[in-house]
Peer 1: 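Here you go, one structure.
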Amino acid sequence: MKRFWDDILTASENSSKACLATVIATEGTAPRKEGSKMLIIGGTSLKGAVTIGGCIDAQVIEAAEEVIRTGEPRLLRAELGEEDAFEIGLTCAGALRVLVEPVKLKPEIILQLRHALNDGTPFALLTVARSSLLSIKPASKILVSSSGRVYGSLGDDRLNSGAANIAADSLSKGTSRTVVLDGNFQPAGEVHQAEVELFVEVVGNNPDLFIFGASQVAVPVASIASQAGFRVHVVDTRPRFANKERFPTASEILVGFPGEVAGERTFNQFSFALLLGHAAKHDLPVLVALLRKDVKYIGVLGGARRAAALAKRLGELGYSDKEIARVKIPVGLDIGAETPEQIAIAIVGELLMVRTGKTTKAIINSSPSA
């Protein structure tokens, strides 16, 4: 992902004949392919694809030649026949909407893109796909950082503000989407009722999941969570449990006291934490450290007795009921899970629901020992 964005930035800075095609929406029975890209330089050098080859990419290349010649972006609706649909995973024919635009990023956005890509921090890039106002130009962009700071302008302060709120919501859910905003915008000081279509692209949002306790349940949780898009960090005091052989998909394995690791590491509003061990002496120091930080989700494997005991100890340490309620115990969806693998599915399912803003009830009351 970073290499492709580096290619886009290099093209923006060095080529006057670079064009970028981005899928902004799909129609028909399709998986979410929003954000698929093709970079066309000089009409011959191609990187990436909006599908998996075939006639759709050919249509996009043809449109790109026109965009490079005129310098004007184009919103292309590409029809998919049954054969083309099957290639990209659709179960029936449909269509892709593709924004084809010159690669002309503002220096301010280039700078912030490079910072975000180098730091590995998520961001949202918002692009005007269509506008009913001449003063709000298609392909105008703003970048919204994970902290909510806005770089660039879409051509209207109200539009910038509304777009930033949408970006924050999309960043929290980790999903790219197309939205249509209706409102009274004020370009050039005059109020106009307008409709603006924006493509909100979330980049680099693979939230960190810290698993404290390399237990039997932690093994499938780490595997499934990695496949679901989380960066997994496993923490345990025991190197014979916390190792690459047991957790091959983990981004990081830390051997040390969980409470100390939790206190030293940096968490943010996108971070998730799970306590999946069975040593009660480690739970409290981890929770004390996490409750002082901006963590999106804290889950503990266990039943009602463990929940009551932890709540009692946290209350004795001066934590309020509201603060204690941040700790989700028992963790996981109520799917009747019994085996470690089933429990892992229930847990990761709940993580995904929290990430996308859904609500559910967590009721896994037992777990196998490490």
Peer 1: Using the six-membered ring of Phe230, assess whether NZ or CZ of Arg355 lies under 6.0 Å from its centre and within 45 degrees of the ring axis.
Peer 2: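 Geometry flag: set, cation within 6.0 Å and 45°.
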Peer 1: Is any side-chain heavy atom of Thr249 less than 4.5 Å from a side-chain heavy atom of Val232?
Peer 2: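 Result no, sub-4.5 Å side-chain heavy-atom pair not found.
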Peer 1: Without swapping roles, check the side chain of Ser132 against the backbone of Glu195 for a donor-acceptor pair under 3.5 Å.
Peer 2: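 Yes; judged by distance alone, with no hydrogens or angles, the pair exists.
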Peer 1: Give a yes or no on whether Val288 and Ile298 share a hydrophobic cluster (residues Ile, Leu, Val, Met, Phe, Trp, Tyr; joining criterion: side-chain heavy atoms under 4.5 Å apart).
Peer 2: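 Yes.
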Peer 1: Given Thr266 and Lys293, is the side-chain contact (heavy atoms from CB on, under 4.5 Å) satisfied, shown in steps?
Peer 2: CA-CA 8 Å; Thr266 299; Lys293 303 194 178 194; over 6 Å; no
Peer 1: Take atom NZ of Lys322 as the centre, draw a 6.0 Å sphere, and report whether it contains more than 12 heavy atoms from other residues, nucleotides or ligands.
Peer 2: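 Counting other residues, nucleotides and ligands, NZ of Lys322 stays at 12 neighbours or fewer.
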Peer 1: Please evaluate residues Leu126 and Val200 with respect to the criterion side-chain contact (heavy atoms from CB on, under 4.5 Å), reporting the C-alpha separation (whole Å), side-chain torsions for both, the decisive distance (0.1 Å), and the verdict.
Peer 2: CA-CA 5 Å; Leu126 288 78; Val200 185; 4.0 Å; yes
Peer 1: Compare every heavy atom of Ile68 with every heavy atom of Cys19, then report the nearest pair and how far apart it is.
Peer 2: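 It is CB-CG1, 3.7 Å.
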Peer 1: Name the atoms and distances for all side-chain donor-acceptor pairs under 3.5 Å in residues 97-109, with sequence neighbours left out.
Peer 2:
from: Arg97; atom 1: NH1; to: Glu197; atom 2: OE2; distance (Å): 2.7
from: Arg97; atom 1: NH2; to: Glu197; atom 2: OE1; distance (Å): 3.0
from: Arg97; atom 1: NH2; to: Glu197; atom 2: OE2; distance (Å): 3.2
from: Glu101; atom 1: OE1; to: Lys141; atom 2: NZ; distance (Å): 3.1
from: Glu101; atom 1: OE2; to: Lys141; atom 2: NZ; distance (Å): 3.1
from: Glu108; atom 1: OE1; to: Gly152; atom 2: N; distance (Å): 3.2

Peer 1: Please check if the side chain of Ser131 supplies one atom and the backbone of Ile136 the other of a donor-acceptor pair under 3.5 Å.
Peer 2: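 Between the backbone of Ile136 and the side chain of Ser131 there is a qualifying donor-acceptor contact (under 3.5 Å).
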Peer 1: Decide salt bridge (charged side-chain N to carboxylate O under 4.0 Å, His left out) for Asp236 and Arg238; before the verdict, give the C-alpha distance in whole Å, the side-chain angles of both, and the deciding distance to 0.1 Å.
Peer 2: CA-CA 5 Å; Asp236 201 291; Arg238 306 162 295 176; 2.9 Å; yes
Peer 1: Do Val217 and Leu352 share a hydrophobic cluster, counting only Ile, Leu, Val, Met, Phe, Trp and Tyr and linking them when any side-chain heavy atoms are less than 4.5 Å apart?
Peer 2: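 Yes: a chain of side-chain contacts under 4.5 Å links Val217 to Leu352.
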Peer 1: Carefully, step by step, assess Lys296 and Asn268 under the rule side-chain contact (heavy atoms from CB on, under 4.5 Å).
Peer 2: CA-CA 7 Å; Lys296 185 177 184 70; Asn268 58 39; over 6 Å; no
Peer 1: Quickly, which of Phe267, Phe272, Tyr297, Phe270 forms a ring pair (Phe, Tyr, Trp, His ring centres under 6.0 Å) with Phe210? Name it, please.
Peer 2: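 Only match with Phe210 under ring pair (Phe, Tyr, Trp, His ring centres under 6.0 Å): Phe267.
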Peer 1: In this structure, would Val221 and Met353 fall into the same cluster of hydrophobic residues linked by side-chain contacts under 4.5 Å?
Peer 2: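 Linked, Val221 and Met353 end up in one cluster.
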Peer 1: Could you list the residues that satisfy side-chain hydrogen bond (donor to acceptor under 3.5 Å, both in side chains) with Ser251, not counting sequence neighbours?
Peer 2: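 With sequence neighbours excluded, Ser251 shows a side-chain hydrogen bond (donor to acceptor under 3.5 Å, both in side chains) to no residue whatsoever.
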Peer 1: Kindly give the heavy-atom pair with the smallest separation between Ile324 and Gly315, and that separation in Å.
Peer 2: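 So the minimum-distance heavy-atom pair works out to CD1-N, 3.7 Å.
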Peer 1: Where do Asp283 and Arg306 land on the salt bridge (charged side-chain N to carboxylate O under 4.0 Å, His left out) test, with the steps shown first?
Peer 2: CA-CA 10 Å; Asp283 287 348; Arg306 193 175 190 189; 2.3 Å; yes
Peer 1: Counting only N and O atoms by type, is there a donor-acceptor contact under 3.5 Å from the side chain of Lys17 to the main-chain atoms of Ile40?
Peer 2: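 Here the side-chain-to-backbone pair does not exist.
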Peer 1: Charged N to carboxylate O under 4.0 angstrom, Arg69 versus Glu65?
Peer 2: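 No, Arg69 and Glu65 are not salt-bridged.
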Peer 1: Grouping I, L, V, M, F, W and Y whenever their side-chain heavy atoms are under 4.5 Å apart, do Val60 and Phe199 come out in a common cluster?
Peer 2: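 Unlinked, Val60 and Phe199 end up in two clusters.
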Peer 1: Can you run down the side-chain hydrogen bond (donor to acceptor under 3.5 Å, both in side chains) pairs that involve residues 254-265, sequence neighbours left out, and say none if there aren't any?
Peer 2: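 Every side-chain hydrogen bond (donor to acceptor under 3.5 Å, both in side chains) pair that includes a residue of residues 254-265, provided the two are not neighbours, is Glu252-Arg265.
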Peer 1: Take Ser271 and Asp208 through the side chain to side chain donor-acceptor pair (under 3.5 Å) test and state the conclusion after the steps.
Peer 2: CA-CA 5 Å; Ser271 301; Asp208 291 300; 4.7 Å; no
Peer 1: For the pair Asn243 (side chain) and Arg240 (backbone), establish whether a donor and an acceptor sit closer than 3.5 Å, ignoring hydrogens and angles.
Peer 2: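 Yes, the answer is positive, given that a donor and an acceptor are paired below the 3.5 Å cut-off.
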Peer 1: So how far is it from Arg149 CZ to Ile142 CD1, rounded to the nearest 0.5 Å?
Peer 2: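 Between Arg149 CZ and Ile142 CD1, I get 13.5 Å after rounding to 0.5 Å.
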Peer 1: Please find the pair of heavy atoms, one from Tyr151 and one from Ser145, that lie closest to each other, and give the distance.
Peer 2: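 Heavy atoms only, the tightest pair is CE1-CB, 4.3 Å.
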Peer 1: Considering only heavy atoms from C-beta outward, does the side chain of Leu301 approach that of Ile343 to under 4.5 Å?
Peer 2: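 In short, these two side chains touch, coming nearer than 4.5 Å.
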Peer 1: Less than 4.5 Å apart, side chain to side chain, heavy atoms only: is that true for Lys137 and Pro73?
Peer 2: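 A side-chain contact under 4.5 Å is absent here.
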Peer 1: So, taking the atom named CG in Leu143 and the one named CZ in Phe123, what distance separates them when rounded to the nearest 0.5 Å?
Peer 2: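 Nearest 0.5 Å value for the CG-CZ distance: 6.0 Å.
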Peer 1: With rounding to the nearest 0.5 angstrom, report the CZ to CD1 distance, Arg305 to Ile329.
Peer 2: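 Answer rounded to 0.5 Å: 12.0 Å.
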Peer 1: Any side-chain to backbone donor/acceptor pair from Arg326 onto Leu291? Under 3.5 Å, distance only.
Peer 2: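 At least one qualifying donor-acceptor pair exists.
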Peer 1: Looking at side-chain heavy atoms only, is the closest gap between Leu209 and Leu274 below 4.5 Å?
Peer 2: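 A side-chain contact under 4.5 Å exists here.
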Peer 1: Side chains of Ile347 and Leu276: closer than 4.5 Å at any heavy-atom pair?
Peer 2: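 The answer is yes, as the side chains (C-beta and beyond) meet within the 4.5 Å cut-off.
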Peer 1: About how many Å separate CG of Leu154 and CG of Leu159, when rounded to the nearest 0.5 Å?
Peer 2: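 Spacing of CG (Leu159) from CG (Leu154) equals 4.5 Å.
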Peer 1: Identify the two heavy atoms, one from Pro220 and one from Pro340, that lie closest to each other, and give their separation to 0.1 Å.
Peer 2: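 The answer is CG-O, 3.6 Å.
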Peer 1: Taking a hydrophobic cluster as the set of Ile, Leu, Val, Met, Phe, Trp and Tyr residues connected by side-chain heavy atoms closer than 4.5 Å, whether directly or through intermediates, do Val219 and Ile345 fall within one such cluster?
Peer 2: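 Same cluster.
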Peer 1: Is the number of heavy atoms from other residues, nucleotides or ligands under 6.0 Å of Asp321 CG greater than 12?
Peer 2: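 Not more than 12 within 6.0 Å, no.
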Peer 1: Of all the heavy-atom pairs spanning Thr237 and Gly256, show the shortest one and how long it is.
Peer 2: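 Heavy-atom minimum between the residues: CG2-O, 3.3 Å.
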Peer 1: Main chain of Gly229, side chain of Asn206: is a donor-acceptor contact present, judged purely on distance under 3.5 Å?
Peer 2: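 Looks like yes, one N/O pair under 3.5 Å.
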Peer 1: Nearest 0.5 Å please: distance from the CG atom of Leu133 over to the CG atom of Asp156.
Peer 2: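 Here the interatomic distance stands at 8.0 Å.
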Peer 1: Would you check if the side chain of Ser161 reaches a backbone N or O of Asp157 as a donor-acceptor pair within less than 3.5 Å?
Peer 2: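 Judged by distance alone, no pair lies under 3.5 Å.
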Peer 1: Do you know which two heavy atoms are closest between Ala18 and Ala11, and how far apart they sit?
Peer 2: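 Answer, listing the atom of Ala18 first, then Ala11: CB-CB, 3.8 Å.
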Peer 1: State, yes or no, whether a side-chain contact exists between Ile61 and Met38 at a heavy-atom distance under 4.5 Å.
Peer 2: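 Side chain of Ile61 against side chain of Met38, heavy atoms only: contact under 4.5 Å found.
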Peer 1: Is the shortest heavy-atom distance from the side chain of Val327 to the side chain of Leu290 under 4.5 Å?
Peer 2: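 They are not in contact (no side-chain heavy atoms under 4.5 Å apart), so the answer is no.
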Peer 1: Is there a donor-acceptor pair under 3.5 Å between the side chain of Thr22 and the backbone N or O of Lys37?
Peer 2: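 Such a contact is absent between Thr22 side chain and Lys37 backbone.
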Peer 1: Could you check if a side-chain atom of His282 sits within less than 4.5 angstrom of a side-chain atom of Leu275, using non-hydrogen atoms only?
Peer 2: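 In short, these two side chains do not touch, never coming nearer than 4.5 Å.
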Peer 1: If you round to the nearest 0.5 Å, how far is CD1 of Ile41 from CD1 of Ile8?
Peer 2: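 Answer for the CD1-CD1 pair, Ile8 versus Ile41, is 9.5 Å.
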Peer 1: Does the Thr178 side chain pair with the main chain of Ile24, one donor and one acceptor, at a distance under 3.5 Å?
Peer 2: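 Yes, because the side chain of Thr178 sits within donor-acceptor range (under 3.5 Å) of the backbone of Ile24.
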Peer 1: Under the side-chain contact (heavy atoms from CB on, under 4.5 Å) criterion, do Ile166 and Arg177 qualify, and how do the steps go?
Peer 2: CA-CA 10 Å; Ile166 292 169; Arg177 56 179 171 149; 3.6 Å; yes
